Every structure is written in C-alpha cells, then in structure tokens.
Enquirer: 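Have a look at this one before I ask anything.
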Amino acid sequence: MARSRVPILIMGVVLWCCLTTPAKAEYMKYKDPKQPIPVRIQDLLDRMTLEEKIGQMVQIEREVASAEVMKEYFIGSVLSGGGSVPAPQASAETWINMVNDFQRGSLSTRLGIPMIYGIDSVHGNNNVYKATIFPHNIGLGASRHKIGAATALETRATGIPYAFAPCIAVCRDPRWGRCYESYSEDPQIVQDMTDIIPGLQGDIPTDSPKGVPFVAGKNNVVACSKHYVGDGGTTKGIDENNTVIDWQGLLSIHMPAYYTSIMKGVSTVMISYSSWNEIKMHTNRELITGFLKNTLGFKGFVISDWEGLDRITYPPHANYSYSIQAGIHAGIDMVMVPYNYKEFIDGLTFHVKNNVIPMSRIDDAVRRILRVKFVVGLFENPLADNSLVDQLGSQEHRELAREAVRKSLVLLKNGQSLNQPLLPLPKKTSKILVAGSHADDLGYQCGGWTMEWQGFNGNNRTIGTTILAAIKNTVDPSTNVVYKENPNAEFVKSNNFSYAIVVVGEHPYAETDGDSVNLTIADPGPTTIRNVCGAMKCVVIIISGRPVVIKPYLASIDALVAAWLPGTEGQGVADVVFGDYGFTGKLPRTWFKTVDQLPMNVGDPHYDPLYPFGFGITTEPTTRQSDDNPFL
C-alpha cells in the first residue's frame, strides 16, 4: 500500500505546483528585451487568440476610449483627431495622465500588450495648448528646414509616442485644400524633406536592415509617411478624388518620397482616401501589398486614414462588411476606425472565421504592429513620465520656429523699380500704418490643423506672437504704430503715414473644406490692398496655404511677401521685413497669373507663371546676423 501511495502524492504535489505558480515559473521571451525583436514577435504572436490579434489592428478615438474598453477589446491604438483634447487648455501633465490611464487598461490584459497613442503633429504638436507651432510644410519647403527633432520632443512631452507626420504629398494643383501640407510641387524637394523622418525618429544606423522601422529612444516618436499614394495629384485638386496618371508618372512624381522614407526607417505609412485611375487606394492590393510591402520592402505597419474603410463605398459606410474585407485584403494593418470599433471587430472576426480573410493576413498585420511597438520600446517603457514636459513650447523651440519663419518668407517684389527697393523697412520713422485682417490674428497665421481640425481665429486659443505684435516689438520706441484692420482711403490719405504694412490672406481650413476653384484673398483683403496701396507706399504680406490671385493688385503694391502659414512665431516676419535678417526663401511652387492656367507645374509645356518655381528676391541684412542652427 505504501508504494502505491507515493506516485499519488507526487502527482498531488505536481498538480498543486501547476495550479499556484505558473506566472512566476514561466519565462516569456516577448517580455525579455535581450531577445531579438523577431523572436519576441513570434513568441507573442504564438500566444495570442484571434480576439487579441484583431484588437491590435484597431485604432479608436480618445472620446470612445477608456481603460475598460482597452482591456475588454484588446485595443491596439488610440488617437486624437484634430482638436480632440482631454480638456480645454490641457497641460502636458493632463495629456500624460490621460494617455497613461488608457495604457494601464491595456497593460491589465492577459498578455499586457501596450497600446500606442497617435496624434497629428503636422507642424509641431498642434493640438496642444502652448505648443510651438511651426510653419506648415509649404513654408518648410520654401526654406528647406528640418524641425522633426523639436516636434518629436513636444509630442513626447505630452506622453504621445506616435506622430502622423510627415505628409509627403506632391501637390500638383493649388486648388487642393491640403496643398499647404505638401512641401512642394517638385518631387525632388519632397524627397529631400523626408530628412524630417530622422528628426522625428532619430538617425537610422548605417547597418540597419532596409525597410525595418527605427526609433532611437524616448525622445523620439514613430513617424508616418502619408498619404499613399498620389493624394496630391487628383483631378482639379479635388480632395479625396481620382489621380489620373500612368505607372511611370506615379513612380516619378508621387512615389520617390516613399522610397526615401523607407530607406530612412519610417515606421508607418498611411493610405490615401484618393483613387489611382479609379481604384480606391484603400482597396489597392497591388500598390499596398505588392509594391509597398513586397517590392519596396516596407516592414512597418500600414494604417488607414480616418474612417478610411467607410469611404471605400459611396455613400460612406454603405457596405461596411465589404469595406472591411477589401481594406484588410489590400494590406491595411491598422484601421483608424475611429468610433464604431465593435462593428469593425465583429465584421473582421466574421470574415476570418468564414475563411474570407486568411489568418496569414491577420498575422502579417499583427506582426508589423508588434514590430513597431517593440522598436519604439513600449514593452519596456509603456507609461509616460513628466521628464519632458518643459519641452512643450520651450524658448529654444520657439527660437527654432522663428528662424524657420525667417527662412520661409519669399520676397516676390521689392520696389516699383530694381534700383529703388522698399525693403528692408526703416525701424525709425514718425508713423506707420499696419492694416489687414491677418495682422493681429494668431489663428489666421497658423492655419488649419491648429488647436482645431479646421484651425481657429483670434488670439485666445494658444500662445504666440502676431505679426502686429512683432512689428511693435521691432520698430524704434519713437515710431508710432497705428493699426486699422480695414481703413478707408480717406483715413489712409489724411494721416501722413511714412509707409504701410498690409497683412491679408486666406482664412484657416483643412482637407476638403479648403478646396477652392477661385483661390482668392479673403474679404475684405482686396479692398484693404486697394485703399492702402492706392494711396501710399505699402508692403503686402500674404498669409496663405498656397499661391493666391494677386495679379490684379500687383501694380499698386510696392513690395510683396509670401509668408505662407508661419505659425505662432510671427516675430520671424518682422525680423526680415525690418532687415535684421535678409530674405533667402525661394518659391516651392509656381505662382500662377490666373486660375484658368491650373494645373501648371514647372516643366509643363504651357508654363507661363506670374512668378516661377524657385523664384525669390534675396536681400542682405542691415546688421549681420547668422541663421545657422544645428536643428534645422
């Protein structure tokens, strides 16, 4: 009897061990930072259920996110849409607390896979109060600046490791409402500006394997090249429309910056709403899986645009089951749902269980998502801390943005004759007039994608320096600066001003809301130009996201400056207008005479611009200043 009891006791001990100590005993390779990333990915993937895998493929808006939702549905990512904030004028600490709350929900799941939070940091961390707002891309294309490192720090300052930037669209028609998000009409400039990617993600090591994502550390963010591909080439510049171009044209104009992005280790690529020759990009397996993943060797993850699957059909969401099938089959890995996540999860689960979408496609998507999460260090450092909060809107970054503004300005006309230049203006004079709707409006000078998706107007939404304030800061204390937004001709003539500065342009817009067939200066801008410039010497500063109609007023304008959308640091405008620095900017895109000429790009046979691509009058500073900055 004694011998028969021994194995029973041993089995009892073994059974007891198995029931009480598995967590301590089991070694999980995916949790070990010493293991190679491919080993960690495979180990984790092997442990995951279908429900956990599909959860990783979901990105939801913060408005519908909570720690409970993250835990219950294994959500892989959260985002802030344009203007989506935890509280009005939320501090960096408030942002961090929100992100960490969502993250704790993810970490409490069975496998503890961290989520990744994304935001549109397209010209600085532009949703966030007090952040430095840099010039929009069209201005950076004018000055060839690289501001990625500062944007990464200000994004990380709020606990966010993923920026939906850069936009590497090649805008071929300024009627497009996203033209200011494009660096240039010239593919070479756009390709050169992918240098912002190592700014955002860190410099990729020379021995890094091609196509594999790279993020240097906690001061860097995951970047996102967008919108793949041809978004800037749609017919008549209509947003989200159809780009009609042959394969060679697509390769030579719209594709080069993606090739360069991948060489520089970009971690994610966002798909365009637009179509290529009538095929929706969100369904284009040939270009997403065939070319981007297989031919170019991209190993990061592919993300949809906001409700990108919904917009596969017209009207949107008309056949969501089909849209899920088409989008995932095409090669999209993460879906910016962003609200109806249960419907997406149920739909994708149904397709996998019914063998409509193979498990191999799900595994490919999840492997790519996990690769980026491992590369960025989320498994080792899932929770953000307050160590970078002082980077938000720091003086160093504001100086950097101010310098970017200086270099972005393009001088198009300087005096009625070459030997009588008006600029730079004298700082010391009796009385000057500043006029125009855009002279004292921080929202107008920042443009869309600032605090709100469509931007804002006025001076109370964030911190910065308007052009009017910059002028007052710059002139001699004895100079009387008079501001009148839209003065009549009588006021102008009767006040004996030495000269006038008129600041007019476009009102803020984003995406489709910015599509325009007439490209006019917003009222009452043209009236202001006529009333002021018709009576006295004037400098007109255009605040716009693209070239606008200016030819009808040009004869009366003494000096003309394209300032694009300079952001919060308006002091950079005054720095150059008053001669502390010289004008150096060149046009990143063609300035047309009339909209009837459009589309018109450099190299076209019918090229007859008002100001050609690459044009820009240079001036010398009145006092020698250096604009060399290692961050730019």
Side-chain angles (χ1 to χ4, degrees), residues 82-83 85 88-92 95 119-140 142-143 145 147-155 157-158 163 165 180-181 389-409 437-474 503 505-510 541-545 561 563-577 581 629 631-632:
V85 300
Q89 300 188 351
S91 66
W95 279 91
I119 197 166
D120 283 283
S121 293
V122 295
H123 61 143
N125 195 357
N126 44 260
N127 277 287
V128 178
Y129 180 64
K130 288 187 179 179
T132 308
I133 306 299
F134 291 90
H136 265 298
N137 286 356
I138 189 168
L140 299 181
S143 62
H145 274 62
I147 58 169
T151 299
L153 283 169
E154 295 214 13
T155 303
T158 53
Y180 65 81
E181 296 184 61
V389 294
D390 290 343
Q391 295 287 340
L392 188 72
S394 71
Q395 193 56 41
E396 181 183 1
H397 293 164
R398 291 190 184 278
E399 289 298 326
L400 185 67
R402 179 176 171 179
E403 182 177 346
V405 173
R406 290 196 290 263
K407 290 186 173 180
S408 74
L409 304 175
S437 51
H438 289 55
D440 191 32
D441 196 302
L442 202 56
Y444 284 1
Q445 73 188 45
C446 287
W449 288 111
T450 311
M451 306 312 293
E452 300 283 352
W453 175 40
Q454 294 293 330
F456 69 99
N457 65 291
N459 298 326
N460 62 354
R461 291 297 304 275
T462 194
I463 305 299
T465 305
T466 68
I467 293 168
L468 175 64
I471 292 167
K472 290 179 175 177
N473 291 343
T474 306
V503 192
E506 296 186 299
H507 292 160
Y509 53 80
I541 298 171
I542 304 288
I543 303 293
S544 68
V561 178
W564 312 115
L565 298 169
T568 50
E569 305 314 303
Q571 191 64 49
V573 176
D575 286 345
V576 182
V577 168
Y581 295 80
N629 190 313
F631 290 95
L632 291 155

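Side-chain atoms are counted along with the backbone in the values below, which use heavy atoms only and exclude waters and symmetry mates. For clarity, every value in this text was computed on a predicted model and none was experimentally measured.
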Enquirer: Would you say that His397 contacts Gln391 through its side chain, given a criterion of any heavy-atom pair below 4.5 Å between the two side chains?
Expert: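 The answer is yes; the side chains approach within 4.5 Å.
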Enquirer: Give the minimum heavy-atom separation between Gly447 and Pro508, together with the two atoms involved.
Expert: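 Smallest heavy-atom distance, with atoms named: C-CB, 3.8 Å.
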Enquirer: Taking all non-hydrogen atoms of both residues into account, name the closest pair between Leu400 and Ala150 and its distance.
Expert: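 Closest heavy-atom pair between Leu400 and Ala150: CD2-CB, 3.6 Å.
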Enquirer: Out of curiosity, Asn457 CG to Leu442 CG, how far, rounded to the nearest 0.5 Å?
Expert: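 Output value for this atom pair is 11.0 Å.
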Enquirer: How about Gln571 and Thr474: does a side-chain donor come under 3.5 Å of a side-chain acceptor?
Expert: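 Result is yes, a qualifying pair exists.
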Enquirer: Going by the rule ring pair (Phe, Tyr, Trp, His ring centres under 6.0 Å), which residues pair with Tyr129 if we only count those two or more places apart in sequence or in a different chain?
Expert: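 If we apply the ring pair (Phe, Tyr, Trp, His ring centres under 6.0 Å) test to Tyr129, skipping adjacent residues, there are no hits.
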Enquirer: Which distance, rounded to the nearest 0.5 Å, do you find between the CG of Asn126 and the CE of Met451?
Expert: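 One gets 9.0 Å once the value is rounded to the nearest 0.5 Å.
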Enquirer: Starting at OG1 of Thr568, measure out to CZ of Phe134 and round the result to the nearest 0.5 Å.
Expert: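 Reported value, rounded in 0.5 Å steps: 8.0 Å.
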Enquirer: What is the distance from atom CD1 of Ile138 to atom CH2 of Trp564, rounded to the nearest 0.5 Å?
Expert: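 Between atom CD1 of Ile138 and atom CH2 of Trp564 there are 4.5 Å.
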Enquirer: Indicate whether any N or O donor in one side chain lies under 3.5 Å from an N or O acceptor in the other, for Thr466 and Asn459.
Expert: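 No pair is found: no donor N or O on one side chain lies under 3.5 Å from an acceptor on the other.
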Enquirer: Find out whether Trp95 and Ile119 are in side-chain contact, i.e. whether some heavy atom of one side chain is under 4.5 Å from a heavy atom of the other.
Expert: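 Answer yes - side chains close enough.
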Enquirer: What is the minimum heavy-atom distance between Thr155 and Ser121, and which atoms define it?
Expert: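 Here Thr155 and Ser121 meet closest at OG1-OG, 2.9 Å.
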Enquirer: Determine whether Glu569 and Glu399 make a side-chain contact, defined as any pair of heavy atoms from C-beta on separated by less than 4.5 Å.
Expert: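 They are not in side-chain contact.
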Enquirer: Please find the pair of heavy atoms, one from Ile543 and one from Val503, that lie closest to each other, and give the distance.
Expert: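 Closest approach of Ile543 to Val503, heavy atoms only: CG1-CG1, 3.7 Å.
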Enquirer: Once side chain to side chain donor-acceptor pair (under 3.5 Å) is applied, do any residues pair with His136, and if so which ones, sequence neighbours excluded?
Expert: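 Scan of His136 (side chain to side chain donor-acceptor pair (under 3.5 Å), adjacent residues dropped) gives His123.
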Enquirer: If you compare all heavy atoms of Cys446 against all heavy atoms of Ile133, which two are closest, and at what distance to 0.1 Å?
Expert: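 Distance-wise, the nearest heavy atoms are SG-CG2, 4.0 Å.
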Enquirer: Hey, could you give me the OG1/CG distance between Thr132 and Asn125, rounded to the nearest 0.5 Å?
Expert: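 Answer for the OG1-CG pair, Thr132 versus Asn125, is 9.5 Å.
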Enquirer: Which atom pair, heavy atoms only, marks the closest approach of Thr450 to Phe456?
Expert: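 The answer is O-CD2, 3.5 Å.
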Enquirer: Say you draw a straight line from CG of Leu153 to CG of Asp390; how long is it, rounded to the nearest 0.5 Å?
Expert: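 The CG atom of Asp390 is 11.5 Å from CG of Leu153, to the nearest 0.5 Å.
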